There are 2 protein chains.
Amino acid sequence: MREATLLEIKETARRHLVEHGPAGVSLRAVAREMGMTAPGLYRYVPGIDALLVAVTADLFDELASAVAAADAGVPDHDTDQRILSSLRAFRSWATTHRAEFAIMFGPRTAPEADITPAVEAGRRFGATFFTLFDRLLAERRFPLPDDASVPDDLARELRSFADTCGIWTDHIPVAAVQVLASCWVRLYGVVCMEVFEHMHFAMHDMTPLFEAELFDVLTGLGVRYTPPGDGGGTAARPSDSSD
Amino acid sequence: MREATLLEIKETARRHLVEHGPAGVSLRAVAREMGMTAPGLYRYVPGIDALLVAVTADLFDELASAVAAADAGVPDHDTDQRILSSLRAFRSWATTHRAEFAIMFGPRTAPEADITPAVEAGRRFGATFFTLFDRLLAERRFPLPDDASVPDDLARELRSFADTCGIWTDHIPVAAVQVLASCWVRLYGVVCMEVFEHMHFAMHDMTPLFEAELFDVLTGLGVRYTPPGDGGGTAARPSDSSD
DNA sequence: CAGTGTGAGCTAACGGTGTTCACTAAAGCG
DNA sequence: CGCTTTAGTGAACACCGTTAGCTCACACTG
């Protein structure tokens with residue numbers, strides 16, 4: 001009953017989000033479309049900001065599901081392909097859900113205090129990759145730099161990060177956490193760039209650049225890269241199969 | 001006369017931007033603060049969107065100036081330090097001008113057609129780094145991968161990118177452009193992450209992570225990294241001087 | 001069954017927004 | 001002086017978020 005209405009509110013808001021952009025989501029419009037009036041929505045949601053946060057949280061779960069589905073779509077033992085598939089699913093979801101991605105990964109507007117549901121969902125999303133990375137670590141795919149080579153202040157921050165994200169710091173060296181952070185920053189950067197269209201004036205298709213970054217990142221991680229449509233035979237550089 | 005008024009409008013808008021966030025910029029408020037009424041502003045600016053775009057364009061110029069100043073602050077011949085200083089200036093400006101950075105590098109809201117002044121200014125900003133990178137290239141600091149190793153589709157996009165940005169494609173191999181793009185994506189990613197505070201729940205000071213990325217990127221470019229406060233003596237890893 | 005809550009949803013209102021239109025007043029110019 | 005251009009205003013329209021007070025239907029209780 002009540003749950004269903006809240007769900008419908010969020011769904012309507014999300015539709016408005018994709019159709020009119022983040023600024024186009026308004027309580028009044030959502031209410032109108034549901035055959036209600038704006039004040040009625042206050043029975044379900046404490047305000048427009050909270051509604052956006054709730055929608056954002058749901059989106060993180062949806063993205064996590066999409067990534068998990070891609071992960072589950074390849075044989076369990078094939079770690080390489082699982083990672084490849086998961087990361088491509090992340091980008092694919094991002095590029096096909098630009099407005100959603102914008103409110104999830106774009107600049108924050110609300111004060112940090114009241115976005116906890118969203119960061120909670122974001123953490124669940126991150127966990128998808130953490131477990132895959134953990135497996136990579138267990139398989140000792142790449143030479144891990146010595147923990148002593150990571151400076152004290154960075155180590156402190158990385159430990160804090162790992163703790164908060166539920167990575168077992170006693171099992172995993174800080175150097176590994178740094179590698180993880182570095183890889184994530186790289187992929188986040190290229191996807192942000194693409195979705196926010198900051199290169200659109202100069203580069204119309206960002207796929208090759210993303211694939212190149214993916215190749216570099218994964219190679220550095222000891223993971224075998226295979227080009228997008230490939231069944232997994234040749235470990236060539238991105239799109240080299242066309243040469 | 002007229003120029004001055006437009007300038008005052010943009011300055012007022014910018015102040016509102018930093019004080020109340022991107023959504024807090026309103027024509028009415030700007031006009032009120034200037035002792036005018038909102039419709040009067042339409043003599044100078046075709047609407048709120050265009051005002052934001054104009055402000056964004058100015059911000060790119062300001063950021064470019066800040067970077068250029070940092071660049072000019074070190075001896076001309078010291079390419080390493082110039083790059084280091086420029087990139088740190090970029091991050092420094094970003095972190096001290098979060099709201100401004102958000103509308104410059106965050107998700108786009110206006111259709112691409114009418115943001116040309118901003119992308120024009122953005123290109124001027126990029127040029128600062130292009131010339132430094134060009135110099136690095138001329139000094140043959142790092143082994144350049146073979147052009148044949150970059151896939152066709154990526155090469156096409158990179159050439160388009162280089163052309164639009166005014167990099168002489170006949171002088172510079174595509175592989176170099178790829179290296180440049182990769183480096184930029186990395187630094188953009190880490191700074192975005194910091195300014196948008198996507199890790200703030202888990203990592204409170206992003207300086208060490210940025211410096212670590214800077215170290216990695218520059219090392220890969222054959223540039224000698226020196227820790228922030230350092231005069232330039234030891235080429236240690238970030239913050240290692242404290243050990 | 002009568003009475004009493006309780007909660008969903010409404011109307012009205014306040015203050016804010018972007019934008020348009022018709023208008024005034026002043027300045028420049030032949 | 002008369003005319004044109006231009007800066008700026010006031011009123012209006014259509015939105016927005018949010019609050020306060022209200023109605024009405026349902027459920028529960030004596």
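Fair warning: this is a prediction, and the values are worked out from it, not measured in the lab. By convention in this document, chain letters (A, B, ...) are assigned in the order of the sequence lines, proteins followed by strands, and residues within each chain are numbered from 1.
Between the P atom of D:dA20 and the OH atom of A:Tyr42 lies a distance of 12 Å, rounded to the nearest Å. The distance from atom CD1 of B:Ile48 to atom P of D:dA14 is 22 Å, rounded to the nearest whole Å. Put simply, CG on B:Leu41 is 14 Å from C1' on C:dT20, counting in whole angstrom units. Atom CE of B:Met34 and atom P of D:dA7 are 13 Å apart (whole Å). The OH atom of A:Tyr44 sits 19 Å away from the C1' atom of D:dG17 (whole-angstrom rounding). Taking atom CG of residue B:Leu51 and atom P of nucleotide C:dT19, one finds them 10 Å apart after rounding to whole Å.
Residues A:Gly47 and B:Ala38 each lie close to DNA chain D; by heavy-atom proximity, the contact nearer the 5' end of the strand is made by B:Ala38.
With distances taken from any side-chain atom of A:Leu27 to the nucleotides C:dT19, D:dG8, D:dT18, the minimum falls on D:dT18. Among the nucleotides C:dC23, C:dG7, D:dG17, the one closest to the side chain of B:Arg43 is C:dC23. Closest contact between the side chain of A:Arg32 and the listed nucleotides D:dC15, D:dG17, C:dT20 involves D:dC15. Comparing D:dG17, C:dT17, C:dG9 against the side chain of A:Met36 picks out C:dG9 as the nearest.
Considering every non-hydrogen atom in both A:Phe101 and A:Trp93, the closest pair reads N-CZ3, 4.4 Å.
Side-chain contact, A:Glu33 with A:His16: a donor N or O sits under 3.5 Å from an acceptor N or O.
With contacts defined as side-chain heavy-atom distances shorter than 4.5 Å, the pair A:Leu84/A:Leu214 qualifies. The closest side-chain heavy-atom distance from A:Phe130 to A:Leu180 is below 4.5 Å.
In the interface, the side chain of B:Arg28 is not paired with the base of C:dG16 through any donor and acceptor atom under 3.5 Å apart.
Distances shown here put a side-chain N or O of B:Arg2 below 4.0 Å from the OP1 or OP2 atom of D:dA7. Between B:Thr37 and D:dT9, a side-chain N or O to OP1/OP2 separation shorter than 4.0 Å is present.
A:Gly35 comes within 4.0 angstrom of sugar-phosphate atoms only, judged by non-hydrogen atoms across all strands, and of no base.
Salt-bridge annotation for A:Asp58 and A:Arg14: absent, with no side-chain N of the basic residue lying under 4.0 Å from a carboxylate O of the acidic one.
In this structure, A:Trp184 and A:Phe90 have tilted ring planes: the angle between them lies in the 30° to 60° band.
Within 6.0 Å of atom CD in A:Glu19, more than 12 heavy atoms from other residues, nucleotides or ligands are found, so the atom counts as buried in its surroundings.
Residues from residues 6-22 of chain A placing a heavy atom under 4.0 Å of any atom in DNA chain D do not occur.
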